[in-house]
Amino acid sequence: QVQLVESGGGLVQAGGSLRLSCAASGRTFSRHVMGWFRQAPGKEREFVAAISGSGFSTYYADSVKDRFTISRDNAKNTVYLQMNSLKPEDTAVYYCAADQNSFARSSSYYNSYGMDYWGKGTLVTVSS
């Protein structure tokens, strides 16, 4: 069992930056693929970014590529999402997730199959 707690959400102006953090419990953190997803009001939850257990491999949704960076610190059981050049359309509840399966380079894979464990989310609001 893995418990995930997100933090770092808030209100930011368009063009600004935020860094989300996700603290994970358990001794097997480094064995899990970690991901960030988001759900905007009235929309389905969508994949944002994923990182392999080692941290060497990352994958991003096209909508955030070159603006967001996912990273992890296995010594601290924490995964991060650095969000730059934020846009109003980035407004959403952001969820941290963990999965025991292999790392995949496919948004449709993550959107279809989801992840094993989920946090409760943190709200990011980008004003225009």
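All residue numbers refer to positions in the sequence shown, counting from 1. Because only heavy atoms are used, hydrogens play no part in the values below, and waters and symmetry mates are left out as well, while side chains stay in. Model, not experiment: these values are computed from the prediction.
Contact record, S106 with Y59: N-CE2, 3.5 Å, taken as the closest heavy-atom pair. Closest heavy-atom contact between V33 and A50: CG1-CB, 4.5 Å.
Remark: L4 CG to M115 CE distance equals 9.0 Å, nearest 0.5 Å. If you take CZ on F37 and CD on E44, they are separated by 13.0 Å, rounding to the nearest 0.5 Å. Between the NE2 atom of H32 and the CG atom of N101 there is a distance of 9.5 Å, given to the nearest 0.5 Å. Note that CD of Q1 is 5.5 Å distant from OH of Y117, once rounded to the nearest 0.5 Å. To the nearest 0.5 Å, the span separating CD on Q82 from OG1 on T69 amounts to 7.0 Å.
Criterion: ILVMFWY side-chain heavy atoms under 4.5 Å apart, direct or through other members. Under it, L81 and F103 are not part of a common hydrophobic cluster. Note on V124: it clusters hydrophobically with V79, by side-chain heavy-atom contacts below 4.5 Å among ILVMFWY residues. Grouping the Ile, Leu, Val, Met, Phe, Trp and Tyr side chains by contacts below 4.5 angstrom, directly or via other members, places F47 apart from W36. M34 and F68 fall within a single hydrophobic cluster, where Ile, Leu, Val, Met, Phe, Trp and Tyr are joined by side-chain heavy atoms under 4.5 Å apart, directly or via other members. Note: the hydrophobic cluster containing Y80 does not contain Y60 (ILVMFWY, side chain heavy atoms under 4.5 Å, direct or indirect links).
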Listed pairs under 3.5 Å, donor-acceptor, residues 89-98 side chains, sequence neighbours left out:
from	atom 1	to	atom 2	distance (Å)
D90	OD1	R38	NH1	2.9
D90	OD1	R67	NH2	3.0
D90	OD2	R67	NH1	2.7
D90	OD2	R67	NH2	3.4
D90	OD2	K87	N	2.8
T91	OG1	P88	O	2.9
T91	OG1	V126	N	2.9
T91	OG1	V126	O	3.4
Y94	OH	R38	NH1	2.9
Y94	OH	D90	O	2.6

Could you tabulate the donor-acceptor pairs under 3.5 Å formed by side-chain atoms of residues 7-27, not counting sequence neighbours?
from	atom 1	to	atom 2	distance (Å)
S17	OG	N84	OD1	2.9
S25	OG	Q3	N	2.9

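With E6 contributing its side chain and K120 its backbone, the two residues share a donor-acceptor pair below 3.5 Å. Remark: side-chain polar atoms of Y110 are not paired, donor with acceptor, to backbone N or O of R105 under 3.5 angstrom.
By the 4.5 Å heavy-atom criterion applied to side chains, V2 and D116 are not counted as neighbours.
Every residue two or more places apart in sequence or in another chain that forms a salt bridge (Lys or Arg N to Asp or Glu O under 4.0 Å) with D62 is listed here: K65. In this structure, R45 has no side chain to side chain donor-acceptor pair (under 3.5 Å) partners at least two apart in sequence or on a different chain. K43 pairs by the side-chain contact (heavy atoms from CB on, under 4.5 Å) definition with A40, not counting sequence neighbours. For the side-chain contact (heavy atoms from CB on, under 4.5 Å) test, residues two or more places apart in sequence or in another chain that qualify with Y113 are Y109.
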Carefully, step by step, assess R72 and F29 under the rule side-chain contact (heavy atoms from CB on, under 4.5 Å). CA-CA 10 Å; R72 67 191 295 162; F29 178 75; 3.4 Å; yes

